Amino acid sequence: MEPREIEPSTSRPVGTRGRFDSPEAVQVAKTAMGAQPEPEPEGRADGPGDEELLAAPDRGSADELLDAGAHDELDAMRHSTAHVMAEAVLDLFPGAKLGIGPAVADGFYYDFQLPRALTPADLEAIEARMRESVAADHRFVRREVPFDDGRAAVEGAGQVFKVEILDDLAAKAKAAGEPSPAITFYEHGPFSDLCRGPHVASTGKIGAFKLLSVAGAYWRGDEKRPMLQRIYGTVWRTEQELENFLWRREEARKRDHRRLGVQLDLFSFHDVSPGAAFWHPKGQRLWRILEDSMRELQARRGYTEVSTPIVVSERLWRQSGHWDLYRENMFLIESEGQTFSLKPMNCPESTFIYRSKLRSYRDLPLRFSEFGRLHRNERSGTLAGLTRVRQFIQDDAHLYVRPDQLTDEIIALLGEVMESYGWFGLQPRFSFATKPDKAIGDPALWERAEQLTREAFAAADISYELKPKDGTFYAPKIDIYIDDALGREWQMATIQIDLTMLPERFDLTYIDESGKAVRPIAIHRAIYGSLERFIGILIEHFAGAFPLWLAPVQAVVIPIADRHLAPAGELAGVLRARARPGAEGAVHARPRRPGGRGEDGRSPYESRGAAGGRGLGCPGRPPRRGGGRQGRVTDERQCTLIVYVMPALKSKIGNSS
RNA sequence: GCCGACAUAGCUCAGCGGUAGAGCAGCUGUUUCGUAAACAGCAGGUCCUCGGUUCAAAUCCGAGUGUCGGCUCCA
């Protein structure tokens, strides 16, 4: 097998380069029209005005607003605000039981057990009460008491959840052979709370805050424990910072893929199949571009593609171990007295292909890729757009390698992630999850797989976050994460080193140099992960304005008057013929003022763009962000067409809202 | 699954016991135009589903379905 190398790349996938992705695109159009040469239009993608679209970067991110030191100060303020909120809630709901109330990324929350559900009006009342406390400028006072006194005080106040926290602390200390620690309280005005601190000096130091939402939250995240009501809030040092935060939050909402997906006409969801997307023509085009790009990468890196059945007997899942450990997430089908399942993973089936003939050490590594359609019965409350679905397709692959090939193979896989994520300008974060409690297989094999993985990370010079006990039941795994527009973290790619499940449970062997049958190592990997989720992330990442090589519609021709219709159709035909396979060169069906609305009203593609007055080379607005060009062509019939080579996003996303 | 909210035209929403509304998009006509919405008209609805209360239900009540915000960043 040819050597494979790590090659972080920022270029697009080979072979998917759009033919319009160049200044000559406009020239193509002109040539097609039989027009005289004209000066290049002046619109440039990097011109001013682009940022109006989603101007979040203009105001900076939350992180940019604050240096590292300020973070601690803000955290203290956030935690202090949580205390003030608890004071207000206790005031309005005497007898409320307090859970925990930490500072979080952009604010804070506090969990309460209350006699009734909170309403938006309650939040307003709580906020008003909080303002009084802030105006009173109560000092925060730290008080340390012996453990037993503290526990008695908390128990006397009826704070059962706090008692539980203290008892856990005591138990932990005991396990470590230490005495129960002293307890600290923080008091401000009438309110006292068990707390480690630190806090700001007084409630008057609390800045601009706002309560955001109320949500259910199980005590300690355990669905067998009571459901508490969690109030989320945010607090900033100044009104300006608070406003900026709320503004950024609103902007982030506008690039939510669920919203843009409708506007871009990419996909829709329907209640006849919850958690499964219906892909529209443009969405399917985008899909195919991604798929083809990955196929090209895989062909270059020594993969071969396979395809395995979706409906599979329970016997397979018993053998693989999924039946015991994953059954609750599987869709089951009964037929003629047999139980089948829709496959939730591709992995076991690839072993049938492996075992279809005798394998030699010379055959390895074998790299079987599969764009398999998977079904997982996710709990109804967790479904969310494309990022959490019940049916999805993975760019999956199973590699069968000799032990001496493992480290190089992992290094190459890390390289695949770096290369492909570079196509999109995505910044992946890596984690390494080790053996969970619920694991199958020999612990010594686990130890070995984990060791080899660590070595591969070191060799590839990639840093990672260690997640102890977070591996799958059959393999330690490397996960790759991306944040979405709303700051939520999503797992994308995964690489799992399997010494047990496929090799042992399916009795895989190859014949080594001495003629002996030995076990290969299996590697499960997906680079995009779920194509659905990946597309969701891409929509938000690009705010719907895809780079040209990804864009489902690469060019739009806009006739201005009836006499333009025929040549426009002609030109669109030429553009279609020269577009990247799968993309579209579209023409407006009827004459439009070029300053009018977008392509056809449902599309986000901008039909407004550059140029101001009459004549050539006029300065004006460039096409929107993401890079693109617009040009004019005038032919011998004096037909002037405006050609947008780059689709661009509507200026006001969801302008009607 | 659990807690809470929501579900009205293709989209975004108003209406909240008494004949179903707006903007945008669509269609027709006028306009034929050089860049941040030309003009006029028309059409468009099991008000999510089922059941109940009522003389009368989009509106109130119940159940179901779906969607949205959440469900340990750990005193």
Side-chain angles (χ1 to χ4, degrees), chain A residues 43 49 52 75 78-79 98-106 108-109 111 117-120 150 154 159 161-166 168-169 181 183-186 193-197 212-232 256 258-259 262-263 265 268-275 328 377-385 486 489 558-565 590-598 600-603 606-616 618 620-621 623-624 630 632 640-642 644 650-652 654-657:
Chain A
E52 155 195 355
D75 277 353
R78 285 169 177 162
H79 189 51
L98 305 181
I100 59 169
V104 292
D106 289 316
F108 58 90
Y109 67 80
D111 289 344
L118 291 170
T119 65
V154 169
Q159 293 297 346
F161 299 113
K162 299 289 189 188
V163 171
E164 184 179 326
I165 290 168
L166 287 178
D168 280 2
L169 272 183
I183 300 171
T184 53
F185 288 86
Y186 274 80
D193 195 4
L194 180 67
C195 180
R196 186 167 49 187
L212 298 173
S213 63
V214 57
Y218 295 106
W219 170 235
R220 299 200 150 177
D222 182 347
E223 58 191 78
K224 296 186 183 65
R225 309 298 305 273
M227 172 75 68
L228 307 181
Q229 294 190 67
R230 172 171 300 178
I231 304 176
Y232 281 93
D256 186 320
R258 290 168 293 196
R259 186 181 164 92
V262 172
Q263 292 175 2
D265 194 18
S268 52
F269 283 91
H270 304 277
D271 60 12
V272 290
S273 188
E328 61 192 33
N377 199 355
E378 303 283 354
R379 296 191 298 179
S380 59
T382 64
L383 301 177
L486 301 174
E489 179 183 78
I558 305 165
I560 298 168
D562 284 339
R563 68 173 187 275
H564 302 141
L565 280 172
R590 91 184 227 184
R592 285 275 146 180
R593 283 191 59 131
R597 289 188 64 83
D600 63 0
R602 285 184 302 270
S603 163
E606 184 66 60
S607 61
R608 296 181 284 250
R614 189 170 289 269
L616 301 175
C618 298
R621 291 185 51 76
R624 306 206 71 83
Q630 171 227 310
R632 285 182 300 267
T640 301
L641 298 178
I642 297 179
Y644 290 87
K650 206 182 272 183
S651 60
K652 302 170 203 160
N655 61 83
S656 49
S657 66

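Reckoned from all heavy atoms, side chains included, excluding hydrogens, waters and symmetry mates. Lettering of chains follows the sequences in order, A, B, ..., and the numbering in each one begins at 1. No experiment lies behind these values; they were computed from the predicted model shown.
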Determine the minimum heavy-atom distance between A:T184 and A:R196, stating which atoms define it.
-> OG1-CA, 3.9 Å
Starting from the 5' end of RNA chain B, give me the residue, A:G275 or A:E378, whose nearest nucleotide shows up first.
-> A:E378
Separation of A:E223 atom CD from B:G70 atom P, in whole Å?
-> 18 Å
By the Watson-Crick or G-U definition, both distances under 3.5 Å, B:U53 is matched with none
Is A:F269 touching bases, backbone alone, or none of the nucleic acid, heavy atoms closer than 4.0 Å?
-> nothing
In terms of the nearest nucleotide of RNA chain B, which residue is placed more toward the 5' end: A:I165 or A:Y232?
-> A:Y232
Note, A:D193 side chain near A:Q159 side chain (heavy atom, < 4.5 Å) | no
Applying the 3.5 Å cut-off to both distances, the Watson-Crick or G-U partner of B:C71 turns out to be B:G1
Distance, P atom - from B:G70 to B:C11, rounded to whole angstrom = 24 Å
With the threshold set at 4.0 Å, does a side-chain nitrogen-carboxylate oxygen contact exist between A:R220 and A:D222?
-> no
For A:Q263 and B:A25, give me the distance from atom CD to atom P, rounded to whole Å.
-> 14 Å
Of the listed nucleotides B:A75, B:C68, B:U67, the one nearest the side chain of A:P274 | B:U67
Taking the C1' atom of each, how far is B:G23 from B:G66, in whole Å?
-> 27 Å
Would you indicate which nucleotide in B:C11, B:A75, B:G69 comes nearest to any side-chain atom of A:V262?
-> B:C11
Using purine N1 to pyrimidine N3 plus N6-O4 or O6-N4 for Watson-Crick, or N1-O2 and O6-N3 for G-U wobble, each under 3.5 Å, what pairs with B:C47?
-> none
Do the side-chain N or O atoms of A:S380 get closer than 4.0 angstrom to the phosphate oxygens (OP1, OP2) of B:G1?
-> yes
Interatomic distance where CG belongs to A:L118 and P belongs to B:C3 [whole Å] | 15 Å
If you look at every strand shown and take non-hydrogen atoms under 4.0 Å, does A:A217 touch a base, only sugar-phosphate, or nothing?
-> sugar-phosphate
Any side-chain heavy atom of A:F161 within less than 4.5 Å of one from A:D111?
-> no
May I ask you to test the A:Y218-A:P226 pair for a side-chain heavy-atom distance under 4.5 Å?
-> no
As its Watson-Crick or G-U partner within any shown strand, both distances under 3.5 Å, B:G66 has B:C6
With no angle test and no hydrogens, is the base of B:G1 tied to the side chain of A:Y218 by a donor-acceptor pair under 3.5 Å?
-> yes
Watson-Crick or G-U wobble mate for B:A22, both contacts under 3.5 Å | B:U12
Indicate yes or no: at least one non-hydrogen side-chain atom of A:L383 is less than 4.5 angstrom from one of A:E378.
-> yes
Does B:U59 have a Watson-Crick or wobble mate here (both distances under 3.5 Å), and if so which one?
-> none
Nucleotide forming a Watson-Crick or wobble pair with B:A40, both distances under 3.5 Å = B:U28
note: A:D193, atom CG; B:A75, atom P; distance rounded to Å ~ 11 Å
Using the C1' atoms only, state how far B:A7 lies from B:G64, rounded to an integer number of Å.
-> 14 Å
Can you check the A:R259 CZ to B:U12 C1' distance for me, whole Å?
-> 8 Å
Of all the choices, B:A75, B:G69, B:U67, which nucleotide is nearest to the side chain of A:L383 once you look at every atom?
-> B:U67
Reckon A:R258 has a side-chain N or O less than 4.0 Å from the OP1 or OP2 of B:C11?
-> no
Give one of base, sugar-phosphate or nothing for A:G150, where a contact means two heavy atoms less than 4.0 Å apart.
-> nothing
Identify whether any heavy atom of A:R196 sits under 4.0 Å from a base atom; if not, whether one sits that close to sugar-phosphate; answer base, sugar-phosphate or nothing.
-> base
Separation of atom CG in A:D271 from atom P in B:U67, rounded to whole Å | 8 Å
Do the non-hydrogen side-chain atoms of A:I183 and A:L169 ever get within less than 4.5 Å of each other?
-> no
Which nucleotide in the set B:C73, B:C68, B:G1 lies at the smallest distance from any side-chain heavy atom of A:A105?
-> B:C73
Tell me the partner of B:G17, counting only Watson-Crick (N1-N3 plus N6-O4 or O6-N4) or G-U wobble (N1-O2 and O6-N3) with both under 3.5 Å; none if nothing fits.
-> none
Using the C1' atom on both, measure B:G4 against B:G41 and round to a whole Å.
-> 46 Å
Whole Å only: how far is the CZ atom of A:F108 from the P atom of B:G70?
-> 16 Å
Rounding to the closest angstrom, what is the interatomic distance between B:A57 and B:A43 at atom P?
-> 27 Å
Can you figure out which of B:C71, B:A75, B:G4 approaches the side chain of A:T184 most closely?
-> B:A75
With side chains defined as the heavy atoms from C-beta onward, is the minimum distance between A:F108 and A:I231 less than 4.5 Å?
-> no
For nucleotides B:U49 and B:U12, find the distance between their C1' atoms and express it as a whole number of Å.
-> 24 Å
C1' atoms of B:G29 and B:C68, separation to the nearest Å = 43 Å
Rounded interatomic separation in angstrom, taking CE from A:M227 and C1' from B:A5 | 14 Å
If you measure from the P atom in B:A20 to the same atom in B:C16, how many Å do you get, rounded?
-> 14 Å
What is the nucleic acid contact for A:T382, judged by heavy atoms within less than 4.0 Å: base, sugar-phosphate only, or nothing?
-> base
